[in-house]
Amino acid sequence: MAFEYLKLSDFEIRDKRVLLRIDINSPMDPKTNRILDKSRIVAAKPSLEALRDSRVVVMAHQSRPGKGDFTSLEQHANLLKTVCSQPVRFIEDVMGPSAKMAINETGQGEVLVLDNVRFCAEENLEDTGEKLAKTNLVTRLSPLFDLYVNDAFASAHRSQASVVGFPHVLPSAAGLLLEKELTALNRLLGEPHRPSTYLLGGAKIEDKVPVIENILSTGKADHVLVGGNVGKVFLKAAGLKFNESDESWLAAATDSVDKARSMLGKYGNRIVMPTDFGASIEDKRSEVAVKDIAKSRGEVMDIGFETSKTFTDTVRQSKTVVASGPMGVFEQATFESGTRLVLEAMANSGAFTVIGGGHLAGYASMLGLANKFSHVSTAGGAMLSMLAGEKLPAITALQEASSRTINTRKTP
Ligand code: 3PG
Ligand code: MG
């Protein structure tokens with residue numbers, strides 16, 4: 001078996017009480033708190049459909065305590081109604097008496113959506129499955145279910161009660177989205193078709209550096225093309241001088257810069273850095289060679305046209321292409337071309353193409369390209385964590401659960 005965990009098809013699910021963990025954490029308009037992108041909600045459809053003869057209780061989160069978009073899931077539940085055929089009910093409770101009553105009342109062919117599981121303080125701790133199985137959340141709710149299904153791939157890197165606590169005590173299966181995500185990403189980590197190219201950009205450099213280290217050291221990447229702040233980190237490591245604003249955040253990122261320098265030493269021939277930038281000078285876009293950026297006083301906003309050409313040519317010659325993070329500030333019309341051109345080159349190539357991270361996937365869908373990729377991951381952090389070679393707590397928990405499960409399984 002490819003992955004040693006159980007799937008929905010391994011269980012008799014008709015009329016069973018199923019706790020379904022999904023990740024429908026969605027970007028929200030900061031002013032109105034309306035959901036801006038419902039792709040994670042739509043992605044929950046296949047598992048909900050597969051469970052149409054079960055009694056389904058959905059557990060999910062939105063944001064985290066302290067953030068402006070840490071809201072109830074009522075709106076998410078209303079959107080879920082539009083993607084599945086079952087009647088969907090929402091309860092403004094997670095583990096109190098009204099939630100327990102509503103769970104017990106959920107009939108065959110019905111879906112109940114519990115409120116934001118992170119409203120429970122215990123869910124915001126990360127620990128082992130064994131410890132988190134003792135939380136009130138798990139001890140109160142697990143007796144009400146026959147089966148736990150994890151379809152929350154975007155949360156698979158979190159060792160929280162709803163991810164690792166329930167599978168410690170309930171028979172557990174992977175949902176269909178989680179399986180689809182793992183199949184696509186394992187293909188990248190297995191025997192990718194060559195050449196295999198990674199485009200890594202965006203702002204969060206600490207998440208990208210471990211990915212680059214892993215794919216280069218394991219030989220999974222033939223080319224790593226770096227843009228956005230990731231590109232700046234590598235150029236800094238190669239000795240480039242930037243303008244003051246970039247120099248100041250780069251000075252605080254010495255750990256990443258040092259790692260980039262060491263990678264350039266070991267794998268320099270496989271790392272492709274920008275040769276020019278789209279810079280903002282007097283509120284206009286100018287193409288500036290990287291070596292001239294400090295004296296130009298331009299603010300780096302995008303990869304330049306020459307770099308876009310190098311990157312898109314490499315994409316066109318590749319058989320596997322993975323992208324995470326934008327190449328520049330694509331939200332501004334004059335600086336979107338770097339990100340758009342690489343997405344278009346990927347979408348029009350015959351390669352196995354994977355993109356991930358909310359920003360890039362959202363922009364691909366705005367450009368009308370989303371269905372032209374082999375796989376658009378619903379995850380940001382979880383995908384990067386997997387590409388960095390880390391074990392995902394959700395998967396380990398499902399694997400451990402499979403070795404414990406004896407009940408409820410279909411007899412072969
Ligand atoms: C995400 O969007 O990153 C996932 O939903 C997990 O949320 P978190 O990063 O707040 O744990
Ligand atoms: Mg996150």
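Keep in mind the model is a prediction, meaning the values are calculated, not measured. In each ligand, atom 1 is the first atom listed, and ligand 1 is the first ligand listed.
When heavy-atom distances to ligand 1 are checked against a 4.0 Å cut-off, R40 comes that close only through its side chain, counted from C-beta outward.
Atoms of ligand 1 lying under 4.0 Å from at least one heavy atom of A154, given by number and element, are 4 (C), 6 (C). The distance from ligand 1 to the heavy atoms of N25 drops below 4.0 Å at these ligand atoms: 1 (C), 2 (O), 4 (C), 5 (O), 7 (O). Proximity to R118 (heavy-atom distance under 4.0 Å) selects the following atoms of ligand 1: 7 (O), 8 (P), 10 (O), 11 (O).
Checking E74, E105, E110 one by one against R89, the salt bridge (charged side-chain N to carboxylate O under 4.0 Å, His left out) holds for a single residue, E105. With L20 as the partner, the side chain to side chain contact (heavy atoms under 4.5 Å, CB included) test is satisfied by one option alone out of V149, V113, L112: V149.
Of the protein's non-hydrogen atoms, the one nearest atom 8 (P) of ligand 1 is R64 NH2, 3.4 Å.
Polar contact with ligand 1: present for D23 (N/O pair, distance under 3.5 Å). On a distance-only criterion, R158 and ligand 1 share at least one N/O pair closer than 3.5 Å.
S159 and E126 share no donor-acceptor pair across their side chains, judged by distance under 3.5 Å alone. Side-chain contact check for S162 and R21: at least one donor-acceptor pair (N or O, by modelled atom type) lies under 3.5 Å.
At a 4.0 Å cut-off, at least one heavy atom of H61 sits close enough to ligand 1 to count as contact.
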Let me see the working for F166 and L141 under side-chain contact (heavy atoms from CB on, under 4.5 Å), right down to the final yes or no.
CA-CA 9 Å; F166 288 102; L141 296 190; 4.0 Å; yes
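The neighbour count for E213 CD, taken as heavy atoms of other residues, nucleotides or ligands under 6.0 Å away, is above 12.
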